[in-house]
Colleague: 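Dumping the structure here so I can ask a few things about it.
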Amino acid sequence: MSRYLILLPAPEAEWAQLPPETHEAGMRSHGQFHQDLAEGGHEILVGGPLDPSDRAASMRPDGQGGTLVTDGPFTESVEQIVGFYLIRSDDEAGLRTICERFSSRGELIEFRKMAE
């Protein structure tokens, strides 16, 4: 079986300003996604929302054997990864179809197969 990482990018600032009914519709969309995955025989290994990017830290080699740590927020990108799903499946085509349905409900996703 292969594993797939479904990344959920979104503009955090805009998301925070949306009305409660939009957030509720998003939660229903995720619930339907979970149901579709289960019915299709795909297994969610782990998933969930991430803390806001202003709580993130970027770590890069400093070129001298150490690490340069930068605390968020990272304003150079419009969208931040706000959540993810790690899914196990032996049916990539079926999983893609479910992800396309999920996206058609207004969800922005990035579909990535993990290297084997």
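Sequential numbering from 1 along the given sequence is applied to the chain's residues. Values below: all heavy atoms of this structure, side chains included; hydrogens, waters and symmetry mates excluded.
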Colleague: Any chance CE of Met27 has more than 12 other-residue heavy atoms, nucleotides or ligands included, within less than 6.0 Å?
Modeller: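 Atom CE in Met27 is not packed in, count stays at 12 or less.
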Colleague: Kindly compute the distance separating OG (Ser58) from CG (Leu68), expressed to the nearest 0.5 Å.
Modeller: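 That separation rounds to 7.5 Å.
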Colleague: Taking side chain as C-beta onward, heavy atoms only, is Arg101 less than 4.5 Å from Gln32?
Modeller: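 Heavy-atom side-chain distance check fails, nothing below 4.5 Å.
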Colleague: Once rounded to the nearest 0.5 Å, what's the spacing between atom CZ of Arg105 and atom CZ of Arg28?
Modeller: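 With rounding to 0.5 Å, CZ (Arg105) is 11.0 Å from CZ (Arg28).
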Colleague: Starting at OG of Ser89, measure out to CD of Glu43 and round the result to the nearest 0.5 Å.
Modeller: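 Rounded to the nearest 0.5 Å, the OG-CD separation comes to 10.0 Å.
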Colleague: So, taking the atom named CG in Asp51 and the one named CD in Glu12, what distance separates them when rounded to the nearest 0.5 Å?
Modeller: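 If I round to the nearest 0.5 Å, the distance is 9.5 Å.
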Colleague: From Gln80 CD over to Asp54 CG, what is the distance, rounded to the nearest 0.5 angstrom?
Modeller: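 Answer for the CD-CG pair, Gln80 versus Asp54, is 9.5 Å.
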Colleague: What heavy-atom pair brings Lys113 and Ser2 nearest, and what distance separates the two atoms?
Modeller: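 So the minimum-distance heavy-atom pair works out to CE-OG, 3.4 Å.
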Colleague: Linking I/L/V/M/F/W/Y whenever their side-chain heavy atoms sit closer than 4.5 Å, directly or via other members, would Val46 and Leu50 fall into one cluster?
Modeller: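 Yes, because Val46 and Leu50 connect within a single hydrophobic cluster, where side-chain heavy atoms sit under 4.5 Å apart.
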Colleague: Do any pairs count as a ring pair (Phe, Tyr, Trp, His ring centres under 6.0 Å) and have a residue in residues 35-54, sequence neighbours left out, and if so which ones?
Modeller: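 For residues 35-54, and leaving out neighbouring residues, there are no ring pair (Phe, Tyr, Trp, His ring centres under 6.0 Å) pairs at all.
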Colleague: So Met114 and Leu86, do their side chains get closer than 4.5 Å, heavy atoms only?
Modeller: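 In contact.
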Colleague: Supply the members, apart from Ile6, of the Ile/Leu/Val/Met/Phe/Trp/Tyr cluster built from side-chain contacts under 4.5 Å; use none for a lone residue.
Modeller: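 Listed partners: Tyr4, Leu8, Phe33, Leu37, Ile44, Val82, Tyr85, Ile87, Leu95, Ile98, Phe102, Ile109, Phe111.
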Colleague: Output all residues satisfying salt bridge (charged side-chain N to carboxylate O under 4.0 Å, His left out) with Arg96, sequence neighbours left out; order by chain, then residue number.
Modeller: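 Per chain and number, Arg96 pairs via salt bridge (charged side-chain N to carboxylate O under 4.0 Å, His left out) with Glu92.
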